Amino acid sequence: MSKLKLLKQLTSRRQLLLTGLAALTVASTTKALAKETAQPLKTHNAHSKAKASHKSARRIVMIDPGHGGIDSGAIGHHGSEEKHVVLAIAKYVRGMLRQKGFDARLTRTTDTFIPLYDRVEIAHKHGADLFLSIHADGFTSPQAAGASVFALSNRGASSAMAKYLSDRENAADDVAGKQVKDRDHYLQQVLFDLVQTDTIKNSLTLGSHIIRQIKPIHHLHSNHTEQAAFVVLKSPSIPSVLVETSFITNPAEERQLGTTAFRKKIATAISDGVDSYFNWFDNHKAHTRHG
């Protein structure tokens, strides 16, 4: 079979799948999302095509504080709740990225529950150039420690810990009931087939830039970008990573996560990593264009 014929078949298949996704949409079209509000944005049940950004516009970075509302996330031994900790860190990241000239936005600005796929949909509706999901690890052993960064995998998890954490994070919608869970499971299978290789490759590169910034200021649980099938990373077109800032179930790191100093320090590393990634991306694109 010729390469041209194979390419046409793959393109037709992708168009068919995208058409199927559009048919699954049961919510009415949301109002313009250009202005960030205090309440979570209402979104479709199926992912829309990412909104195209204007060439003159600042790059849009969508920051997603994990969990929220009825989903507290991991809980530390002293009662710290992941949902509150990561929202505070995400707000610092937003402020720092704005100071660097980025158009940084949050999927939630209050203690509100948002289904996993809707978080990705918000990024698509805003025309985001990048998606960052901020979390604080929870594990069965209090000895587990350190920060880690994850990108999507379409070949299984890169480690046992990556598998454990992705299963745990993907279960976040369980608290919302069977309807949300069943819908996300079906869409997961469709979108999983649509994920583009370049998007994952760029996500891995983004992860490496963030890890490089975290390494000097905090212990790393893994020295490279791990991969697993996190639902919240399944945008077919937006480079996406999930940053586990620390293990909130580790007593020492729980204390760190509760301090303004550490929250600002880890937020600085994340925002510097994003800035470094875009510098690399621009240089890489310029080199490719003139190569």
Side-chain angles (χ1 to χ4, degrees), residues 11 14-37 39-55 57-66 68 90 93-94 97 102-109 112-134 150-152 154 169-170 172-173 176 180 183-203 206-207 229-243 274 277-278 281:
T11 302
R14 176 157 293 186
Q15 289 173 339
L16 179 61
L17 287 170
L18 287 172
T19 301
L21 281 176
L24 288 171
T25 303
V26 295
S28 60
T29 304
T30 56
K31 294 182 179 180
L33 297 176
K35 184 180 292 186
E36 187 176 51
T37 62
Q39 296 301 318
L41 300 165
K42 296 180 180 180
T43 61
H44 294 297
N45 287 343
H47 292 320
S48 61
K49 183 178 179 181
K51 179 182 176 183
S53 300
H54 296 294
K55 289 183 180 179
R58 291 182 299 162
R59 280 185 164 125
I60 299 172
V61 179
M62 185 58 62
I63 308 160
D64 174 48
V93 174
R94 178 182 62 176
L97 285 175
F102 295 100
D103 184 353
R105 308 174 187 182
L106 298 176
T107 55
R108 69 178 179 94
T109 58
T112 312
F113 175 78
I114 305 175
L116 297 175
Y117 268 100
D118 284 352
R119 295 169 187 263
V120 187
E121 175 70 356
I122 290 171
H124 278 231
K125 286 293 185 181
H126 279 263
D129 298 288
L130 216 62
F131 181 88
L132 299 170
S133 194
I134 311 294
F150 296 86
L152 182 66
N154 56 8
E169 298 295 356
N170 290 347
D173 284 350
V180 169
R183 180 205 70 190
D184 286 356
H185 177 72
Y186 176 73
L187 290 177
Q188 177 179 344
Q189 303 307 312
V190 179
L191 283 174
F192 199 76
D193 188 68
L194 287 172
V195 174
Q196 299 172 358
T197 302
D198 281 348
T199 303
I200 295 179
K201 197 187 309 185
N202 286 334
S203 299
L206 169 62
F230 287 92
V231 171
V232 79
L233 300 181
K234 292 194 171 189
S235 167
S237 57
I238 304 171
S240 306
V241 295
L242 186 148
V243 182
V274 170
Y277 165 78
F278 277 121
F281 182 84

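Fair warning: this is a prediction, and the values are worked out from it, not measured in the lab.
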Undergrad: Do you know which two heavy atoms are closest between Ser203 and Val241, and how far apart they sit?
TA: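 Taking Ser203 first and Val241 second, the nearest heavy atoms are O-CG1, 3.3 Å.
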Undergrad: With no hydrogens and no angle check, is any side-chain donor or acceptor of Arg108 less than 3.5 Å from a backbone partner on Pro65?
TA: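 Present.
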Undergrad: Please examine the side chains of Lys234 and Tyr117, heavy atoms only from C-beta on, and report whether any two atoms are closer than 4.5 Å.
TA: yes
Undergrad: Closest approach of Ser235 and His124, non-hydrogen atoms and distance?
TA: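 The pair with the smallest heavy-atom distance is OG-NE2, 2.9 Å.
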Undergrad: What closest approach, in Å, do Pro239 and Asp129 show between heavy atoms, and which atom pair accounts for it?
TA: CD-O, 3.6 Å
Undergrad: Report yes if some heavy atom in the side chain of Leu130 is under 4.5 Å from a heavy atom in the side chain of Tyr277; otherwise report no.
TA: yes
Undergrad: How close do Ile134 and Ala90 get, heavy atom to heavy atom, and via which atoms?
TA: CG1-CB, 4.4 Å
Undergrad: With sequence neighbours excluded, tell me which residues meet side chain to side chain donor-acceptor pair (under 3.5 Å) with Ser133.
TA: Asp64, His135
Undergrad: So, taking the atom named CZ in Phe230 and the one named CG in Leu242, what distance separates them when rounded to the nearest 0.5 Å?
TA: 5.0 Å
Undergrad: Within the structure provided, determine whether Met62 and Ile122 are in side-chain contact (heavy-atom separation under 4.5 Å).
TA: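 Yes, close enough: below the 4.5 Å cut-off.
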Undergrad: Could you give the distance from CD1 (Ile238) to CG (Asn202), rounded to the nearest 0.5 Å?
TA: 12.5 Å
Undergrad: How close do Arg94 and Thr109 get, heavy atom to heavy atom, and via which atoms?
TA: NH1-CG2, 4.1 Å
Undergrad: Got a second to check how far Thr107's OG1 is from His126's NE2, nearest 0.5 Å?
TA: 9.0 Å
Undergrad: Is there a side-chain contact between Val274 and Arg59 in this structure, where contact means two heavy atoms from C-beta onward sitting under 4.5 Å apart?
TA: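 Val274 does not reach Arg59 side chain to side chain.
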Undergrad: Please name all residues satisfying side chain to side chain contact (heavy atoms under 4.5 Å, CB included) with Asp103, sequence neighbours left out, ordered by chain then number.
TA: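 Counting only residues at least two positions away or on another chain, Asp103 forms a side chain to side chain contact (heavy atoms under 4.5 Å, CB included) with Arg58, Ile60, Arg105.
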Undergrad: Looking at Leu233 and Ala151, what are the two nearest heavy atoms and their distance?
TA: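 Nearest pair, atom of Leu233 first, then Ala151: CD1-C, 3.6 Å.
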